[in-house]
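First up is the structure itself, then whatever we jot down about it.
In what follows, chains are A, B, ... by sequence order, proteins preceding strands, each numbered from 1.
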Amino acid sequence: MRRVEHVMGFPVSLRIDDPYVPDGVADALFGWLREVDERFSPFRAGSEVSRLDRGELSADEVSPDLAEVLGLCEEYRVATRGAFDVRLPGRGLDPCAVVKGWSVQRAARLLRDAGLGRFCLNAGGDVVTAGGPWRVGVRHPELADRLCTVLEVTDGAVATSARYERGDHIVDGRTGLPATGLLSMTVVAPTLTEADAVATAAFAMGEEGVEWAAARAGCEVYAVDARRRVLRTPGLPVAATPQDAGDGSAAGRSGSSPRAAGRNAVTNPV
Amino acid sequence: MKRAIPVLVLSVAGLVPVWRYEPSGGTSSSTEAAAPAAAPDSSSASSGGSGKAVAGSTVHTDKGDVQVEVTFEGDRIASVRMLRQPDHPQTAAAVPTLIAETLQAQSADVDTVSGATITSDGYRESLQAALDAKGA
């Protein structure tokens, strides 16, 4: 079954390939995401996040879910030495970057708890998969109708951060300036909570974020820097046989083959 | 003069536990702690050129075994080299290897597309919208 709904300001595409799909499971999933939007959106005056930001909620009135989200935000702020910060000076509390990955990962858990084992959930470009292999294309940072690589993911998550859709919305918390060091940053991780937060945090860090993300346990990285150079980790699950219908030559694409690996420069970039 | 070097090394090695010793009120003495570090026959020493290299004893950590070799020039530490270090993901990941490639533009048959968060308006023209329409 397939279903697409617009929640939290972006399209969410659900595809379930299990032979039997219990009644109401998709309703429960989209219901959860709408609940998240009500509770955690900084753009809704009545949300928990807005009320906390205005000082209307005390520390012991914060829900366990919001406490978990804020805990994750703090974890990534510390890990990036402040580049990733949901409390930027002059701006309201905005935990969106963590809320998205966290809530969609929990939505995937709803599917698993319902006994489903073969699905692909895409929330505004961030993907959680189960029971693959699923072929996950990574959008080319400059050509909206092209891909720059194709990944093969069985059980895991893929998240991409970039400026091409919403402009300079990711700010380096250390400088207060928009992050411009990278064109796009894609992270493959066991959960979307980690993949989305790491992709956003690394994008905020700029070029040094590539190495930072690559050093995170369980993370594989595909980054395009401002000079249009691709930097990726050797363990990135690049799909083995690209079905070429475009203008990209086969060379240098099947990164997992020894032939291609031998031709690619191995570097420790800046 | 040649004999002065091992004496200096032993003096330096012997001093380390004294510096690190924290009075705890217990009965353990710094002399006990000094024993492994100060015993030259438990570590291999080789003299080459101007410096003298002394291999320390192996330290067991929860990440694995660590052993360093310190080269002295006179009473000065000239260099420290890792003889043994943990083969642990955390160590391996400390300096991640990255592969540099040329940016490709391709079209391929995929199940889904990862990209920067698209707005609901932008979705209409997106690859994901085409995939959703195709499969519906």
Side-chain angles (χ1 to χ4, degrees), chain A residues 2 4 6 9-11 13 15 120 122 124-127 134-140 143-150 158-166 184 186 210-211 214-215 217 224 228-234 242-248 252-253 255 261 264-269, chain B residues 58-69 79-136:
Chain A
R2 285 167 181 263
V4 185
H6 294 256
F10 45 80
S13 309
R15 174 176 160 189
C120 178
N122 186 326
D126 293 339
V127 178
W134 294 95
R135 290 172 59 87
V136 182
V138 176
R139 209 209 92 160
H140 190 287
L143 306 168
D145 60 343
R146 292 299 179 93
L147 307 171
C148 46
T149 192
V150 178
V158 185
T160 298
S161 279
R163 303 153 66 200
Y164 51 71
E165 280 291 340
R166 296 189 295 160
S184 79
T186 299
V210 181
E211 209 166 276
V224 183
R228 291 168 187 73
R229 183 175 60 153
V230 172
L231 292 169
R232 68 166 179 92
T233 46
Q243 293 160 27
D244 190 28
D247 56 5
R253 198 121 49 79
N264 291 322
V266 176
T267 60
N268 286 315
Chain B
T58 302
V59 178
H60 306 287
T61 75
D62 57 351
K63 305 285 186 212
D65 292 348
V66 178
Q67 187 184 23
V68 298
E69 179 188 75
S79 66
V80 178
R81 187 164 69 97
M82 295 289 274
L83 292 180
R84 198 179 298 179
Q85 55 188 314
D87 181 20
H88 185 272
Q90 192 174 305
T91 308
V95 185
T97 304
L98 290 164
I99 296 171
E101 290 176 351
T102 311
L103 181 61
Q104 304 283 328
Q106 57 173 294
S107 304
D109 189 17
V110 293
D111 297 307
T112 195
V113 177
S114 175
T117 305
I118 53 175
T119 58
S120 295
D121 286 341
Y123 172 73
R124 280 197 300 274
E125 289 112 51
S126 71
L127 280 173
Q128 184 62 40
L131 288 168
D132 290 331
K134 184 183 111 188

| Region of V158(A) in contact with chain B, defined by heavy-atom distances below 4.5 Å | both
| query | With only heavy atoms counted, which part of V4(A) is less than 4.5 Å from chain B, the side chain, the backbone, both or neither? | reply | side chain
| message | For S126(B), give me all partners under side chain to side chain donor-acceptor pair (under 3.5 Å), at least two apart in sequence or on another chain. | response | none
| request: Using the test side chain to side chain donor-acceptor pair (under 3.5 Å), find all partners of N122(A) that sit at least two apart in sequence or belong to another chain. | output: T112(B), Q128(B)
| Taking C-beta and beyond as the side chain, do D109(B) and V150(A) meet within less than 4.5 Å on heavy atoms? |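 Counting from C-beta outward, D109(B) and V150(A) never come under 4.5 Å.
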Nearest 0.5 Å please: distance from the [atom1] atom of [X] over to the [atom2] atom of [Y].
X: S13(A); Y: D111(B); atom1: OG; atom2: CG; value: 12.5 Å
X: R146(A); Y: Q106(B); atom1: CZ; atom2: CD; value: 9.5 Å
X: Q104(B); Y: L147(A); atom1: CD; atom2: CG; value: 12.0 Å
X: T97(B); Y: R232(A); atom1: OG1; atom2: CZ; value: 12.0 Å

| Looking at R228(A), H140(A), R139(A), which has the largest count of heavy-atom pairs under 4.5 Å with chain B? | H140(A)
| Among D145(A), T233(A), T186(A), V224(A), who wins on heavy-atom pairs under 4.5 Å with chain B? |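 Of D145(A), T233(A), T186(A), V224(A), D145(A) has the most heavy-atom pairs under 4.5 Å with chain B.
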| request: Could you check L98(B) against V210(A) for side chain to side chain contact (heavy atoms under 4.5 Å, CB included), going step by step and ending with a plain yes or no? | output: CA-CA 9 Å; L98(B) 290 164; V210(A) 181; 3.8 Å; yes
| request: Give a yes or no on whether the backbone of G125(A) and the side-chain of S114(B) come within a donor-acceptor separation of less than 3.5 Å. | output: yes
| Heavy-atom pair of closest approach, residues I99(B) and P234(A) | CD1-CA, 3.7 Å
